[in-house]
Amino acid sequence: MTETYEVVVVGGGTAGLSAALVLGRARRRTLVVDAGEPRNAPAAHMQGYLSRDGMSPAEFLAVGREEIARYGVELVRDRAVDVTGGEGVTGWRDFTVELASGRSVRARRLVVATGLADELPAVPGVAERFGRDVLHCPYCHGWEVRDQPFGVLATSALGVHQALLVTQWSKDVTFFLHEVAASKLTDEDLRRLAAAGVDVVPGEVAGLVVQDDRLTGVRLADGRTHDRSVLFVAPRAVPRTGLLERLGAELHETPFGAYPVVDATGRTTVAGVWAAGNAMGFAEQVVNAAGGGHRAAAAINGELVMTDLDAAVRV
């Protein structure tokens with residue numbers, strides 16, 4: 001038997017739990033489908049969230065799950081593998097979400113909060129130390145590693161921006177061009193890097209130097225080693241938009257992948273479907289994701305109220 005909910009939230013990270021909390025408080029029968037793959041899982045702490053600064057991401061999500069349960073929201077550990085339904089040629093149809101376990105659930109509205117995956121540079125040691133002393137976001141980790149010797153690994157010419165940005169947290173910054181040719185840097189790039197005191201090092205990075213479980217250096221392919229305590233990298237963002245694409249949501253290309261076209265509440269171009277958190281954009285931090293989930297849930301509840309009232313009037 002296919003169970004029916006008013007709203008199914010796909011993704012149990014910050015955005016999904018925030019949406020579920022608001023929907024539960026609005027007395028909507030809501031299901032959260034959580035595959036358990038939060039983007040910030042490698043991090044020991046999260047920063048910049050007022051009143052939760054420094055909290056463990058795992059603890060933060062555990063508290064969120066406890067909160068939604070108080071309002072009768074159900075959460076299932078599963079993966080949504082397919083979705084059908086929506087507005088067809090014969091009028092409105094509920095969505096049917098197929099789960100990896102074989103279970104099917106129906107919903108009047110959907111929130112897609114499936115986030116994105118970070119595809120790290122293929123440099124030995126980077127994946128193993130990601131979230132510790134190999135970092136990607138200075139707003140998330142910059143204060144904790146301030147004034148240490150930084151390295152920045154270029155994966156494209158856009159790495160110049162990251163190298164310049166992190167000088168706010170350390171004045172000892174080395175920019176490793178890695179596989180980016182020096183000719184790809186513009187004259188303006190070079191002037192800014194020089195003004196910021198950033199040391200530019202050409203040549204491919206072959207690996208990291210680790211001692212006593214701490215990053216101590218960056219090793220080039222020619223054998224040279226540069227002492228560094230922190231390495232910033234720019235992962236390639238891989239948006240998890242498969243469900244949205246199956247429903248025909250319009251996407252738009254960005255330098256960080258293709259994301260759904262949404263309005264101010266996260267409503268996609270597919271009627272009845274909202275996106276929240278990193279499913280709608282690369283730069284959604286935890287605090288932004290929480291706000292996005294809240295906005296989506298409020299919009300959904302308002303739409304359902306009016307839809308049901310209009311149906312009652314027609315009767």
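- Residues that satisfy the salt bridge (Lys or Arg N to Asp or Glu O under 4.0 Å) test with D172, not counting sequence neighbours, are R228.
- The ring-ring contact (aromatic ring centres under 6.0 Å, His included) pairs that include a residue from residues 177-215 number zero, where partners must be two or more places apart or lie in different chains.
- Judged as a ring pair (Phe, Tyr, Trp, His ring centres under 6.0 Å), and not counting sequence neighbours, the contacts of F150 are F232.
- Side-chain contact between V233 and F130: present, with at least one pair of heavy atoms (C-beta onward) separated by less than 4.5 Å.
- Other residues, nucleotides and ligands contribute more than 12 heavy atoms inside 6.0 Å of the CZ atom of R65.
- Considering R29, R27, R28, R109 as possible partners of E6, the one that fulfils the salt bridge (Lys or Arg N to Asp or Glu O under 4.0 Å) test is R28.
- Remark: R52 pairs with no residue by the salt bridge (Lys or Arg N to Asp or Glu O under 4.0 Å) rule, at least two apart or across chains.
- Note that CD of E98 and OG of S104 are 3.0 Å apart. Values are rounded to the nearest 0.5 Å.
- L17 pairs in a side-chain contact (heavy atoms from CB on, under 4.5 Å) with only one of the listed residues (L61, D34, V63, V9), which is L61.
- The minimum heavy-atom distance between R224 and P202, with the atom names listed, is NH2-O, 3.6 Å.
- Counting only residues at least two apart or in different chains, ring-ring contact (aromatic ring centres under 6.0 Å, His included) contacts with residues 195-220 are absent.
- Of the candidates D94, D308, T4, R108 forms a side-chain hydrogen bond (donor to acceptor under 3.5 Å, both in side chains) with just one, namely D308.
- Residues L244 and V270 are not in side-chain contact: their nearest non-hydrogen atoms beyond the backbone lie 4.5 Å or more apart.
- Taking Ile, Leu, Val, Met, Phe, Trp and Tyr as members and joining any whose side-chain heavy atoms lie under 4.5 Å apart, directly or through other members, L158 forms no hydrophobic cluster with any other residue.
- Applying the under-4.5 Å side-chain rule to Ile, Leu, Val, Met, Phe, Trp and Tyr, the cluster around L309 extends to V305, M306.
- For R77, the CZ atom sits in a packed shell: over 12 heavy atoms of surrounding residues, nucleotides or ligands are nearer than 6.0 Å.
- Here CE of M280 is found 12.5 Å from OG1 of T114. Values are rounded to the nearest 0.5 Å.
- Applying the ring-ring contact (aromatic ring centres under 6.0 Å, His included) test to residues at least two apart or on different chains, the pairs with a partner in residues 263-287 are F256-F282.
- Taking NZ of K184 as the reference point, atom CG of L177 lies at 12.5 Å (rounded to 0.5 Å).
- Note that CG of D227 and OG1 of T174 are 9.5 Å apart. Values are rounded to the nearest 0.5 Å.
- Tested against F175 for a side-chain contact (heavy atoms from CB on, under 4.5 Å), the candidates D199, V180, V160 yield a single pass: V160.
- Of the N and O atoms on the side chains of T186 and D189, at least one donor lies less than 3.5 Å from an acceptor on the other residue.
- Atom CD1 of I300 sits about 5.5 Å away from atom CG of L23, to the nearest 0.5 Å.
- The minimum heavy-atom distance between V105 and R103, with the atom names listed, is CG1-NE, 3.6 Å.
- When the salt bridge (Lys or Arg N to Asp or Glu O under 4.0 Å) test is applied to D53, no partner is found at least two apart in sequence or on another chain.
- Across R240, R39, E284, a single residue satisfies side-chain hydrogen bond (donor to acceptor under 3.5 Å, both in side chains) together with N278, and that is R39.
- Rounding to the nearest 0.5 Å places CZ of R129 at 10.5 Å from CG of L135.
- Two residues are said to be in side-chain contact when any heavy atoms from C-beta on lie closer than 4.5 Å; V8 and V111 fail this criterion.
- Sorted by first and then second residue, the pairs that involve residues 17-64 and meet ring-ring contact (aromatic ring centres under 6.0 Å, His included), not counting sequence neighbours, are H45-H141, Y49-F60.
- At least one donor-acceptor pair under 3.5 Å links the side chain of E128 to the backbone N or O of G125.
- Side chain of S18 to main chain of T14: no donor-acceptor pair is present (N/O by atom type, distance under 3.5 Å, no hydrogens or angles).
- With sequence neighbours left out, the salt bridge (Lys or Arg N to Asp or Glu O under 4.0 Å) criterion links D78 to no other residue.
- Partners of F176 according to the ring pair (Phe, Tyr, Trp, His ring centres under 6.0 Å) rule, which considers only residues two or more places apart in sequence or in another chain, are H226.
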